[in-house]
Number of protein chains: 2
Amino acid sequence: MNNEVVYPKNTSKSVTARALAVLGAFNVSEPSLTLSQLARIAGLPIPTVFRFAGELEEGGFLDRDDAGRYSLGVKLWEMGLLTPVHGHLREIAMPFLLNLQYDCREIVQLAVRDGVDAIYVEKLTSEESVPVQSRIGARIPLHATGVGKVLLAYSPESFIEVVMAMQLPRYTPETQTNKRALAKDLAVIKAQGYAKSHQEYLVGSTSVAAPVLVNGVIRASIGIVNYAAREDLDTFAPSVLRAANALGRRLEEIES
Amino acid sequence: MNNEVVYPKNTSKSVTARALAVLGAFNVSEPSLTLSQLARIAGLPIPTVFRFAGELEEGGFLDRDDAGRYSLGVKLWEMGLLTPVHGHLREIAMPFLLNLQYDCREIVQLAVRDGVDAIYVEKLTSEESVPVQSRIGARIPLHATGVGKVLLAYSPESFIEVVMAMQLPRYTPETQTNKRALAKDLAVIKAQGYAKSHQEYLVGSTSVAAPVLVNGVIRASIGIVNYAAREDLDTFAPSVLRAANALGRRLEEIES
DNA sequence: ATATTTCTTTTCACTGAATGAAAAATCTCG
DNA sequence: CGAGATTTTTCATTCAGTGAAAAGAAATAT
């Protein structure tokens with residue numbers, strides 16, 4: 001008589017990796033999830049997720065509302081603040097961005113490179129209606145925006161080659177997907193010290209961006225954008241440059 | 001012959017809790033740690049932390065620099081952005097804060113209540129030299145600051161009683177630690193719709209704060225502060241009120 | 001240059017903690 | 001109120017985590 005229960009092989013992942021998968025289930029369009037959704041997205045059995053979620057909630061990594069829906073917890077937000085990208089860059093950059101915003105009243109952006117794309121670390125806009133363009137944390141291509149091209153232009157030659165070797169997606173008719181043309185763009189940017197971009201990513205958008213150099217090494221990029229096809233945006237180029245330079249100097253000062 | 005090795009009892013905590021303890025080892029003053037420090041602070045054996053740290057790094061939750069020092073990873077920052085406090089509050093509030101900053105050029109703060117204290121969700125200042133007062137993410141008492149007292153004043157009576165029953169720490173000679181006097185303060189705040197605070201937390205600081213009400217329920221508090229004993233700060237009270245009201249209305253609109 | 005200390009990484013015998021099917025409890029909605 | 005979906009508990013089973021010890025690297029002193 002064979003009444004033994006079959007316990008299927010525990011698939012690959014470590015306990016820690018599974019727990020993290022639960023946190024990883026959330027994303028911008030689904031910032032709040034039920035237990036079953038969580039389990040489905042994380043690819044784990046419901047009781048397992050139930051256990052993890054309980055522990056994560058305990059630690060403040062997850063929140064659970066009255067309806068039983070989970071969302072990421074305040075603890076994660078607090079930890080994010082301890083991250084170098086926030087604590088060491090955004091925090092220091094903020095006054096410079098604010099003053100730039102004050103000067104030109106355009107959308108101000110701060111971006112860094114992460115892997116082969118750029119991430120918006122901060123975006124300041126006084127427009128109350130939220131245009132979902134360029135959320136903070138959003139990843140954008142290096143070859144098709146002002147801040148992106150600046151980050152690329154000042155990167156080491158070896159890295160530029162890696163990016164050039166990739167398939168460069170086209171977003172608008174103006175996107176530079178031709179490697180030779182892009183290389184020329186980058187040269188121009190380095191020559192004049194800042195980048196102009198005209199609807200290369202989004203039709204109607206124009207941007208001006210400058211590098212934040214710390215002891216000559218690119219650290220971030222500051223830019224202003226206008227989505228309403230404003231042609232004379234580069235009258236603000238000196239302001240953008242001033243902000244980027246000042247931030248670079250401030251960072252040098254702090255790190256010395 | 002007894003040569004058996006003694007394997008001591010595995011102390012209490014679950015695997016997940018231990019992994020999270022590793023992340024929890026970081027804090028504002030120690031945003032970057034070596035393996036040994038990490039192990040000491042987390043209270044775990046080095047090899048255990050070594051294993052965890054490897055997995056956490058794998059998932060982007062930790063970063064390791066060339067010197068081998070660990071810091072919290074970009075993934076955590078990205079997750080923090082998905083948190084309701086950022087995605088649903090800070091993001092929407094930002095333009096209102098920015099415009100308020102534009103109007104009065106004072107330090108602008110956005111705070112929410114979390115447990116029995118307030119947390120700064122955003123702080124805008126155009127001052128480039130960083131006064132470490134009120135970091136974003138910092139917890140501040142409810143009874144001794146402008147934004148705190150507003151959050152308290154508009155909280156349910158039952159919660160106010162809980163806070164009143166606590167020992168209210170004194171920070172300056174002006175701090176309201178007397179329960180009766182504090183209750184009167186709160187009544188005044190509700191009557192006039194905003195709070196004034198004069199060096200109750202830090203000598204020399206003055207603040208004005210107003211509630212962000214969503215369908216009549218307190219959600220956050222917006223304030224301006226000046227650390228240079230500026231007496232006439234309340235000339236900006238109408239601006240602060242306008243910003244807080246506008247944000248409240250915007251949130252109602254979005255949530256309907 | 002060499003010894004000493006400190007920190008990081010690997011190994012491995014051992015077991016405690018995680019697992020998930022199944023059942024029970026609870027919630028939802030026609 | 002009953003059928004279906006979702007959440008929570010239970011529990012027999014075993015697999016993944018454990019941390020002492022030793023080896024390997026770095027940093028620091030002699």
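Nothing here was measured: the structure is a model prediction, and the numbers come from that model. Here is how names work: the chains are called A, B, and so on, in the same order as the sequence lines, proteins then strands, and each is numbered from 1.
At distances below 3.5 Å, not a single donor-acceptor pair connects side-chain atoms of K13(A) with backbone N or O atoms of A19(A).
Per the geometry, CG belonging to L62(A) stands 14 Å off P belonging to dT7(D), to the nearest Å. Atom CD in E55(B) sits about 14 Å away from atom C1' in dA18(C), given to the nearest Å. What separates CG of L38(A) from P of dT6(D) is a distance of 14 Å, to the nearest Å. Going from atom NZ of K13(B) over to atom C1' of dG16(C) covers 17 Å, rounded to whole Å. Taking atom CG on L44(B) and atom C1' on dA17(C), their separation rounds to 15 Å, with Å as the unit.
For the helix from dA1(C)-dT30(D) to dG30(C)-dC1(D), the axis fitted to the five pairs at one end and the axis fitted to the five pairs at the other end meet at an angle of 50° (nearest 10 degrees).
A heavy-atom distance below 4.5 Å is found between the side chains of M164(B) and L186(B). Side-chain atoms of F96(A) and N245(A), non-hydrogen and from C-beta on, never get closer than 4.5 Å to each other. V85(B) has its side chain out of reach of R90(B): every pair of non-hydrogen atoms, C-beta onward, lies at least 4.5 Å apart. At a threshold of 4.5 Å between non-hydrogen side-chain atoms, the residues P211(B) and K190(B) do not count as touching.
More than 12 heavy-atom neighbours from other residues, nucleotides or ligands sit within 6.0 angstrom of CD on E252(B). Around CD of E57(A), the count of heavy atoms belonging to other residues, nucleotides or ligands within 6.0 Å exceeds 12.
Taking only side-chain nitrogens and oxygens, T48(A) comes nearer than 4.0 Å to OP1 or OP2 of dG20(C). Contact check, R51(A) against dA18(C): no side-chain N or O comes under 4.0 Å of OP1 or OP2. Contact check, S14(A) against dA16(D): no side-chain N or O comes under 4.0 Å of OP1 or OP2.
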For nucleotides 4-11 of chain C, give me every protein contact, N/O to N/O, under 3.5 Å, one pair per line with atom names.
from: dT8(C); atom 1: OP1; to: L35(B); atom 2: N; distance (Å): 3.4
from: dT8(C); atom 1: OP2; to: S36(B); atom 2: N; distance (Å): 2.9
from: dT8(C); atom 1: OP2; to: S36(B); atom 2: OG; distance (Å): 2.2
from: dT9(C); atom 1: OP1; to: R64(B); atom 2: NH1; distance (Å): 3.3
from: dT9(C); atom 1: OP2; to: R64(B); atom 2: NH1; distance (Å): 3.1
from: dT9(C); atom 1: OP2; to: R64(B); atom 2: NH2; distance (Å): 3.1

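Interatomic distance, M94(B) CE to T125(A) OG1, rounded to the nearest 0.5 Å: 10.0 Å.
In summary, R139(B) and E78(A) engage in a salt bridge, as defined by a charged side-chain N under 4.0 Å from a carboxylate O.
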